[in-house]
Amino acid sequence: MARYSSGGDTRRGLGAMGLVIGAFLLLGGGCAAADSESPRCGGESMKPGDACVGGGAYDGYEEKREQAGQASYWLLRVGGLVLAGGTALAVGPVADAAGSLRSAARRRSRARPAPPSSASPTPLGPAPAAIRRPVRPSPAARPAPGPVRPAPPRTPTLQEQLAEELAGVRFPASRLQPGYDQAEVDAFLARIRAGLLGTGPAVSPARIGGAVFGTAGHRQAGYDRHAVTAFLTALAGSLRTG
């Protein structure tokens with residue numbers, strides 16, 4: 001089963017914090033952008049030629065517009081950087097788990113032992129008439145039965161290994177934006193697993209890597225879009241190279 005380490009939990013926590021901070025900065029930048037179009041003074045809209053006096057400052061209409069424009073520029077720029085960094089931290093642990101899944105499957109596939117070569121026995125011709133009847137050895141001459149060696153366990157195929165890993169994968173829930181519908185994602189993973197095990201139609205790597213799902217309904221928890229996309233992309237790559 002694919003699990004996330006404590007380091008991945010810390011990165012996801014920092015990523016979620018970065019997403020929240022980035023969203024607030026972008027929201028503030030949007031408000032500042034609106035003020036740059038229509039500046040305000042004490043909550044009231046200003047008109048060309050008006051002046052805002054307060055706190056020992058005297059700002060005209062054009063000065064308020066310029067201040068709001070500069071604030072909007074920096075808030076949107078910094079907010080976008082923080083949001084991008086938070087997304088990378090939140091999605092990174094899932095991409096690492098998908099990469100480790102592919103590496104583990106490759107290692108197990110390479111470690112598969114070669115089947116032993118068995119030489120075909122030379123056929124024997126018919127026994128002469130004088131010795132055609134077998135001679136039963138006496139009980140004392142019979143060899144003692146040795147221990148029965150169990151057959152070596154069968155090494156699972158790459159498809160079986162991926163299906164086993166697929167049954168235990170878990171995705172984080174989306175927090176700041178609507179996520180993928182969990183029922184659709186789970187049903188798609190079940191179809192992929194059935195195809196890998198041969199109990200259902202096979203799903204092509206191109207179909208797996210390009211899968212898109214519906215959005216979770218109102219007040220329903222959805223899977224993080226970036227996490228689902230990163231995992232399916234890594235799974236499709238494993239099937240192509242395997």
Side-chain angles (χ1 to χ4, degrees), residues 1-30 33 75-105 162-196 200-242:
M1 180 182 295
R3 299 179 181 273
Y4 301 114
S5 63
S6 59
D9 294 336
T10 302
R11 292 174 62 185
R12 288 203 310 275
L14 293 175
M17 184 182 301
L19 292 175
V20 173
I21 296 174
F24 275 111
L25 291 176
L26 291 178
L27 180 61
L75 286 174
L76 291 176
R77 187 169 184 178
V78 175
L81 293 175
V82 174
L83 190 65
T87 302
L89 287 175
V91 177
V94 178
D96 294 342
S100 63
L101 181 152
R102 180 172 57 183
S103 300
L162 291 176
E164 181 181 357
E165 295 288 346
L166 192 64
V169 70
R170 299 292 182 269
F171 299 110
S174 180
R175 300 182 182 277
L176 299 181
Q177 59 181 355
Y180 282 144
D181 186 276
Q182 294 187 1
E184 290 187 16
V185 176
D186 292 341
F188 185 66
L189 295 182
R191 288 199 298 271
I192 298 174
R193 188 168 185 270
L196 292 173
V203 183
S204 65
R207 175 71 178 86
I208 295 173
V212 178
F213 308 95
T215 304
H218 182 61
R219 294 184 179 179
Q220 289 183 353
Y223 288 144
D224 185 274
R225 294 171 180 261
H226 299 287
V228 174
T229 301
F231 176 79
L232 293 180
T233 301
L235 179 61
S238 297
L239 292 175
R240 290 193 188 97
T241 58

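Starting from 1, each residue takes its place in the sequence as its number. Just so you know, these numbers use all the heavy atoms, side chains as well, and skip hydrogens, waters and symmetry mates.
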Query raised in the report: Between Q220 and D181, is there a donor-acceptor pair closer than 3.5 Å when you use the side chain of the first and the backbone of the second?
Result: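 Checked: no pair found.
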Query raised in the report: Would you say the side-chain atoms of R191 pair up with the backbone N or O of G200, donor to acceptor, closer than 3.5 Å?
Result: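 Absent.
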Query - Atom pair CD1 (I208) and CG (L189), whose distance is rounded to the nearest 0.5 Å - result: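 Separation between the atoms: 9.5 Å.
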Query raised in the report: Can you list the steps and then say if L196 with L239 is a side chain to side chain contact (heavy atoms under 4.5 Å, CB included)?
Result: CA-CA 10 Å; L196 292 173; L239 292 175; 3.8 Å; yes
Would you say the side chain of [Y] lies within less than 4.5 Å of the side chain of [X], judging by non-hydrogen atoms?
X: T215; Y: Y180; value: no
X: D224; Y: F171; value: no
X: F188; Y: V228; value: no
X: L26; Y: L75; value: no
X: I192; Y: L162; value: no

Query - Steps toward side chain to side chain contact (heavy atoms under 4.5 Å, CB included) verdict (L166, F231) - result: CA-CA 10 Å; L166 192 64; F231 176 79; 3.6 Å; yes
Report task. Go through the steps for L232 and F213 under the test side chain to side chain contact (heavy atoms under 4.5 Å, CB included), then give the verdict. Result -> CA-CA 12 Å; L232 293 180; F213 308 95; 3.9 Å; yes
Query raised in the report: Taking all non-hydrogen atoms of both residues, which atom of S174 and which atom of P178 are closest, and how far apart?
Result: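 That closest heavy-atom pairing would be OG-C, 3.9 Å.
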Query raised in the report: What heavy-atom pair brings A236 and G209 nearest, and what distance separates the two atoms?
Result: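 For A236 and G209, the tightest heavy-atom pair comes out as CB-N, 3.9 Å.
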Query raised in the report: Side chains of Y223 and D186: donor-acceptor distance under 3.5 Å anywhere?
Result: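 Side-chain D/A pair, Y223 to D186: present.
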Query raised in the report: What pairs with R193 under side chain to side chain donor-acceptor pair (under 3.5 Å), at least two apart in sequence or on another chain?
Result: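 Residues passing side chain to side chain donor-acceptor pair (under 3.5 Å) with R193: none at all.
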